[in-house]
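Naming convention: chains lettered A, B, ... in sequence-line order (proteins, then strands); numbering from 1 in each chain.
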Amino acid sequence: MNELSRRAFLKDLGLPASALSFLYGLPSLQAQADSSPKKRLIIMFSPNGTLPGQFWPDASGEDFILKSIMEPLAPHKDSLLTLKGVHNKVGGDGDDHMKGISCLLTARKLHRGNIQGGGHTPAGWASGISIDQEIANFLQSRKETKTRFGSLEFGVAVPNRADPWTRMSYAGSNKPIAPIDDPHQMLQKMYGQMKDRESLVSILDDVAADLKSVSLKLAKEDKDMLEEHMSLIRQVEKGLVEAEKESSTVHPQPELDPNIELVNDNTPKISRMQIDLLVNGLANDMMRVATLQFMRSVGQARMRWLGVNDGHHSLSHKPDKDKSAQDKLLKINKWFAGELGYLCKRLKETPEPSGEGNMFDNTTIMWVNELGKGNNHTLENIPFTLLGGGLGFKMGRSLHLSGVNHNRLLMALAHGFGHHIKGFGEHKLSEGGPLDLA
Amino acid sequence: MRNLKRNRIYKVTITLLLFLCAGSFCYSLEINGLGKPMYMKQCSSCHGDKGEGVKGEYEEALFGDWSLSKLTRYVIKSMPDDDPDLCVGDDAAQVAKYIFNAFYSPQARLRNSPPRIELSHLTNRQFRESVSDLFRQPASDEPAPEPGLSASYYNSKGMNKKDSLKNRRIDHKIDFDFGSGSPLEGVKAEQFSIAWEGSLRAESTGFYGLRLTTPNGARLYLNVNIKEGDKNYRDDASKESNPPLIDAWVSSGNKSRTESARVFLQGGREYPIRIDYFKYKESTGSIRFEWLPPNAVWSVPTGDQLSTRKGNQLILAKTSFPPDDRSLGYERGSDISKEWLSAVTRASLDVAEQVDSILGYISGVKSKDDPQKSEKLISVAMKVLERAYRRPLTEQEKEQSIGLIFADSESPEVAVKRVVLLAIKSPHFLYPQLPGGKTPSYQVASRMALGLWDSIPDDVLIGAASDGKLSNQDYIRSEAERMLEDTRARSKVIDFFYHWLDLDLERDLMKDDKVYPDFDEYKISDLRRSMNMFIEDVVWSEKSDYRDLLLSSHIYLNQGLAGVYGKSVEGDEMKRVDFEKTERSGLLTHPYLLSHFSYSYNSSPVHRGVFLTRYMLGRTLKPPPQAVSFENQNLDPGLSMREKITHVTKDSNCMACHEIINSLGFSLENYDGIGRWRDTENNKRVDSFTQFETRAGDLVNLRGSRSLAQFIANDSNAQKNFVQNLFEYMIKQPIQAYGENTVDDLHAYFVKSNFSCKGLIVEILCLASTKGIKQEES
């Protein structure tokens, strides 16, 4: 009976029936249980390069010490894999920032176009699919790994413009995918109109009271009409209250602060909201692939919550000897690492729906950046970092590679999912095949 | 012969009786005569004891507007169905008399179930309009707006920076091909940027397509309050911006591409629009902005469709609703269902979100730390609720509805959202007919705004209510006249005309291109515009004469249309073209209307006849006893359409109604399937001469369209039908519920005012707004 009224109620609010099983994740509602663990991929982006001296572990191998930027990731060191010596060798049109983000996951040249950057030639969009979409398509093509969305693209403080600096995911050539950086918009996408339950419940009593007061002194037929209205309101109210009770027992829809404005100073809160939503989406198996894009390449965020009032991009161009700037950059990059750490923590806290272990073990997170270093715009030694597990990589070590093309790293990810592509992005740069990270 | 004489005697008798008797005495004589037992014995098994119909037999209720003589003739000829000879002569006359007086005639129906003013909620249109107006902001003092958009031309440099403003002017459309050159003197050809700003004016409600075509970069912002970042001064800027409706900024190579978007807009309103464009060293530069309004084709918005007024973002109730009940002809909010309630809920949530996003603009709160934030937001909440309730709030309401919500919410911003939800879901808002705490003045104001605008009263009207001015009939009339000038009134009136002319349903107007090779979707779209212009021309003129709608012989045509209809006009703009009176008579012969009531290959006298019977003369027409499709291919191709229709409907069962339908429809046979004049068809002279029997039984000779139009224009029943339709469309209640003489009284007024449509609208509004309201002592 509960089930029935809940379904009907959800349908009334415009939620597609397919969302029901995902929303409630009850074992009885899930599709045939897949015996093999679910493999997942998350790619997290932060801009303006890193501080190599504060980032790369000195030693290579299993015995290494984390430098300051990496300190927030210490609890997860056993599942951490740093990859030094991976370069973005794509080249072609566009300035380094554009190539830094728009060639990052596509590993191929940009189209010649009309967007002029700080230097080089003007460029248009990426000329092919990005690895997150490539892998998502692969998983969607198989019944055992198909999910409602395939992939979801999350953002934090992404500007409302589409250009080669603001997009890293591409469905194909000239097909940028916009990340959703508004948690409420993302919540709506994932859960339909379920938000604002509280607000609705809170005003229903007022509405019912009004109905009572206006229905005096009416002709019978008219009274009947208002009676009907009243009973429908009561039904809605009952449904809302029941849904409230039910949802607290399974992977609940996250409670979001209804008041959050998408302004710079709320970035830390929004970041956590997005991460919670992301983990929630994975837990309810809405998708197996997710990207989390912080700002955009050339991001100029003023991270006042860290006591930094200068724009990030401006700071990243200060020379190495500017101690004050370097300190601020350290704070900034550490903050990104901290968000990554929170993501890992949430995954670790979430048990696998099938009951075996936690989600962190089966999720591979790759932290990426557009540049190796901010002030020289180098596209070498991009700070690729992997965390988690599930793809058969040997984690808990620091790798020093001798200058490999990042195409091969992206291929390794695909192969980890069982998608044995012969190359990815620029074909020439794929030579050598996927990196062996086992 | 004997029967005819008898019929006349009976007809006279009945007429006399009806005149002499009033009240139930006469009535009981009529229905307790010989006719009743005969009806019960021979007719009730198929038609029901009270003529209500019998499932499995004749399911329709017996009612209509035939004269008694026609009804009697029909009974004689065709009833009972299985053996018409069983009831003829005297018997038939008695039975017909009984039927006519007991339940068939309009008077009998009124007597049996007197109409009343029924409780209904806002119709979908009323809901949308009212919701938008809940958040209406006062117009800014901008200089008088002009048609077109304000254009700013910049040289740009470096990273697509708008470097220096070179020129400002008004562009009447955005459709430019700059080739490899410069757009304007002083602007460099290699790289430049243009920004257009102003408003887009939407006439009809529905989904609009919008698109930009360019090989360069462009962005379109619609219905948002422009932020600093939307000015696109630099590509690498970090200023706050709105998401563009169309973001075509990036061009991968200098190939022309089109990017489009679809958006729901309410008609009769203006939406802020901004389009940014830039060229960066590409070989060519061009940009075109087009739109696809409902029931139209892709075209470049020009002139009057654009305005230089900047305007504010409008709140739109854009979620979907189940359709309103139309069983009585006009839309009514009489259906209370889960679907409707869910739709209201969805709309309220969506609107609350929209309000939240522009809260700063509405409230004047500049930043989170504004010390007066709470006060300003409370003030916004109160204003919204007052507008929704259509009256000032009581102290108790201020405490309970506003005060408690603000106290109970995490923040004043959340509280505002909750008040918005309450306002929209409250029965005070959804059922404006209920007193809901409104004093008589506010009830009058509420009815006036609903009747004329399908919306809530504006600040001026509320002010008049609070000053007690709405207890004065003259003041009410002058307010009605003021309100008539508002675009919301114009919007509702034009919608009424489409409804009155049965043109508001979607019909496929595409024709057989072998028969009508030039008649494409552009012509159809232009014809619709031509018809709008004609209606507006007549209705908003000084005279506003209803008869001109049927008797004026001019049509608005542009070059393309003129070529089709035998005239000559230059250019794309519509110009007024005069025709011979014999050839064109207003709406009845407007090609847009005639094209609706035609087949794809020829005229359709039956569709035209039904339209004229039902919608122009307001007569009842039942659906045909058997569905018969017109199979043109099975008929002798040498016959004219008139001859074919006559042949197909000659059966006595058909003729009962087709007598009327055909005699009206044939009078328009001089117009082919796309409304072009023709003297011949199939090399035969077109015969548009007919004889038509009125309700009263008189025969009228119709010689083609002009005499048809004159007949209708001067027929008091047709005029009353117009009055009734207009009343019910405006007020959304049955007209007799306002008093059984209402139609006649309004008609008399209409005649006295020389058939002024504007006058009638105002009169209807004054009548309906004050009906049953006891005015307070002023």
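- Of the inter-residue distances, the one linking B/Lys255 atom NZ with A/His111 atom NE2 reads 7.5 Å to the nearest 0.5 angstrom.
- Top candidate by heavy-atom pairs under 4.5 Å with chain B, chosen from A/His313, A/Met225, A/Arg296, is A/Met225.
- By the neighbour-count criterion of 12 heavy atoms within 6.0 Å, atom NZ of B/Lys398 is densely surrounded, having more than that number from other residues, nucleotides or ligands.
- For A/Leu110, no part lies near chain B; criterion is any non-hydrogen pair under 4.5 Å.
- Of the residues considered (A/Pro122, A/Gly311, A/Gly124), A/Gly124 shows the highest number of contacts with chain B, using heavy-atom pairs under 4.5 Å.
- Both the backbone and the side chain of B/Ile336 have a heavy atom closer than 4.5 Å to some heavy atom of chain A.
- Both the backbone and the side chain of A/Asp163 have a heavy atom closer than 4.5 Å to some heavy atom of chain B.
- Using a cutoff of 4.0 Å between basic side-chain nitrogens and carboxylate oxygens, B/Arg116 and A/Asp222 are scored as salt-bridged.
- With a threshold of 4.5 angstrom between heavy atoms, B/Tyr221 does not approach chain A through any atom at all.
- Taking the six-membered ring where tryptophan is involved, the planes of A/His229 and B/Tyr431 are tilted, since the angle between them lies from 30° to 60°.
- Separation of atoms CZ (A/Arg112) and OG (B/Ser251) is listed at 11.5 Å; rounding is to 0.5 Å.
- Between B/Val250 and A/Ala162, the shortest heavy-atom distance links the atoms CG2-O, 3.6 Å.
- If you measure heavy-atom distances from A/Val207 to chain B, the contacts under 4.5 Å come from both the backbone and the side chain.
- With rounding to the nearest 0.5 Å, the separation of CZ in A/Arg161 from CG in B/Asn232 is 8.0 Å.
- Contact annotation for B/Ser337: only backbone heavy atoms (N, CA, C, O) come within less than 4.5 Å of a heavy atom of chain A.
- One distance of note links CG of A/Asp224 with CG of B/Leu119; it measures 10.5 Å at 0.5 Å rounding.
- At a 4.5 Å heavy-atom cutoff, the contact between B/Ser334 and chain A is made by backbone atoms alone.
- Between B/Asn216 and A/Asn114, the closest heavy-atom pair is C-ND2, 3.7 Å.
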